[in-house]
Amino acid sequence: EYFLLVFSSRSSAKIIAPLGCLVSRQKHTLPDLPYDYGALEPHINAEIMQLHHSKHHATYVNNLNVVEDKYKEALAKGDVTTQVSLQPALKFNGGGHINHTIFWTNLSPNGGGEPKGELMEAIKRDFGSFANFKEKLTAVSVGVQGSGWGWLGYNKEQGRLQIAACANQDPLQGTTGLIPLLGIDVWEHAYYLQYKNVRPDYLKAIWNVINWENVSSRYATCKK
């Protein structure tokens, strides 16, 4: 460990520990769902939600903590090679944690329908109509090859909404710069137990549980 020597005119040198010694990193934790596992039925069944949250998301959280500990060690040693080699795992598990934390709040048993207020105005402005936006985001999500996510994001530089797809667990903002508003998980673990390999059926159903209040709140926040 390195320590700083601080001198003052009235006293001898004081040894001050570096910030890393004083502040221990907070471990990432699995967030609680704001509803019961079966609350989104019949659109997403309880078994999927339980496995998706308590197994898949939990694994990303656990692995992220392990990777960050290894990264911290490599950083302390000045081991750049190890730091670089850990980047893919950091991106995958960190992205998985970020994406799912947003995803759970984007859903609600009282969801569905259409957004209101400023978000709806922005959707009409940038996509022509809500129906057109829904069709485009569905198409982008269906079209993800293998595993990934469909997103509605906010382009802060251009001041407009934008649709994007990300592969695997790549986080939207970290890879595209867009601020995430609404994410649709199209990994098979998000729907296979109920919809088998028919991703379009799952995407048709998920619109019934989209939490537009949450999406609108995210939009209002990122515009500030």
Side-chain angles (χ1 to χ4, degrees), residues 1 18-40 44-107 140-141 144-153 164-195 197 199 202-203 206 211 214 218:
E1 294 287 358
L19 190 61
C21 297
L22 302 173
V23 182
S24 60
R25 182 180 69 79
Q26 290 288 314
K27 292 280 187 181
H28 298 286
T29 57
L30 181 68
D32 291 332
L33 288 188
Y35 39 77
D36 294 333
Y37 286 134
L40 303 182
I44 305 177
N45 70 34
E47 187 180 10
I48 286 175
M49 292 300 293
Q50 183 171 7
L51 286 170
H52 199 172
H53 177 258
S54 69
K55 301 296 183 185
H56 291 282
H57 190 175
T59 299
Y60 297 130
V61 172
N62 293 337
N63 288 344
L64 177 59
N65 284 322
V66 170
V67 172
E68 284 195 345
D69 284 342
K70 290 179 179 177
Y71 197 90
K72 187 180 175 183
E73 289 175 18
L75 208 59
K77 294 175 183 175
D79 183 352
V80 179
T81 299
T82 298
Q83 289 172 49
V84 171
S85 73
L86 289 169
Q87 290 293 328
L90 192 63
K91 183 179 183 181
F92 183 77
N93 293 291
H97 180 40
I98 289 168
N99 294 341
H100 285 87
T101 300
I102 295 167
F103 184 60
W104 307 133
T105 65
N106 277 169
L107 305 177
V140 163
S141 301
V144 171
Q145 294 184 337
S147 302
W149 292 72
W151 288 97
L152 171 66
C166 289
N168 301 311
Q169 293 297 351
D170 292 2
L172 183 71
Q173 192 164 5
T175 51
T176 70
L178 298 175
I179 300 169
L181 304 179
L182 169 63
I184 299 179
D185 188 348
V186 290
W187 278 66
E188 283 196 340
H189 65 234
Y191 61 87
Y192 195 86
L193 286 173
Q194 186 171 358
Y195 295 98
N197 63 332
R199 186 186 287 177
Y202 157 70
L203 284 162
I206 203 170
N211 183 354
N214 179 264
R218 291 179 181 278

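These numbers come from the heavy atoms of this one structure, side chains and all, not from hydrogens, waters or symmetry mates. We're numbering straight along the sequence, starting at 1.
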By side chain to side chain donor-acceptor pair (under 3.5 Å), which residues pair with Gln169, not counting sequence neighbours?
Tyr60, Asn99, Trp149

Name all residues meeting the side chain to side chain donor-acceptor pair (under 3.5 Å) criterion together with Tyr191; count only those two or more places apart in sequence or in a different chain, and write none if there are none.
Arg199

With a 4.5 Å heavy-atom cut-off, do Arg218 and Asn106 have their side chains touching?
yes

Return each pair, listed once, that meets side-chain hydrogen bond (donor to acceptor under 3.5 Å, both in side chains) where at least one residue sits in residues 175-186; pairs must be two or more places apart or across chains.
His52-Asp185, His100-Asp185

Just how far is it from atom OH of Tyr37 to atom CD1 of Ile48, taken to the nearest 0.5 Å?
13.5 Å

Looking at Lys70 and Asp79, is there a salt bridge between them, counting it only when a charged N and a carboxylate O are closer than 4.0 Å?
no

Considering all heavy atoms of both residues, which atom of Leu30 and which atom of Ser54 are nearest to each other, and what is their separation?
CD2-CA, 4.4 Å

For Val140, enumerate each residue passing the side-chain contact (heavy atoms from CB on, under 4.5 Å) test, keeping only those at least two apart in sequence or located in another chain.
Ile163, Ala165

Would you please name every residue forming a side-chain contact (heavy atoms from CB on, under 4.5 Å) with Tyr35, sequence neighbours left out?
Leu33, Ala39, Leu40, Met49, Trp104, Leu107, Pro109

At their closest point, which heavy atom of Pro31 faces which heavy atom of His57, and how far apart are they?
CD-CE1, 3.6 Å

For Ile44 and Ile206, work out which heavy atoms get closest and say how close.
CD1-CG1, 4.2 Å

With the side chain counted from C-beta on, respond yes when Glu68 and His28 share a heavy-atom pair under 4.5 Å apart, and no when they do not.
yes

Would you give the length of the straight line joining atom CG of Asn62 to atom OG1 of Thr29, rounded to the nearest 0.5 angstrom?
10.5 Å

For Asn211, enumerate each residue passing the side-chain contact (heavy atoms from CB on, under 4.5 Å) test, keeping only those at least two apart in sequence or located in another chain.
Ser108, Glu213, Asn214

So which heavy atom on Gly183 is nearest to which on Phe103, and how close?
O-CD1, 3.2 Å

If you compare all heavy atoms of Gly150 against all heavy atoms of Ser141, which two are closest, and at what distance to 0.1 Å?
CA-OG, 3.5 Å

Just distance, no hydrogens or angles: give the donor-acceptor pairs under 3.5 Å from side chains in residues 84-93, sequence neighbours left out.
unit_1, atom_1, unit_2, atom_2, d
Ser85, OG, Thr82, O, 2.8
Gln87, NE2, Tyr71, OH, 3.3
Asn93, ND2, Ala89, O, 3.0

Side-chain heavy atoms of Ile98 within contact of Gln173, under 4.5 Å
no

For Pro180 versus Ile102, what's the shortest heavy-atom pair and its separation?
CG-CD1, 3.6 Å

Do Tyr192 and Asn197 come within less than 4.5 Å of each other through their side chains, counting heavy atoms only?
yes

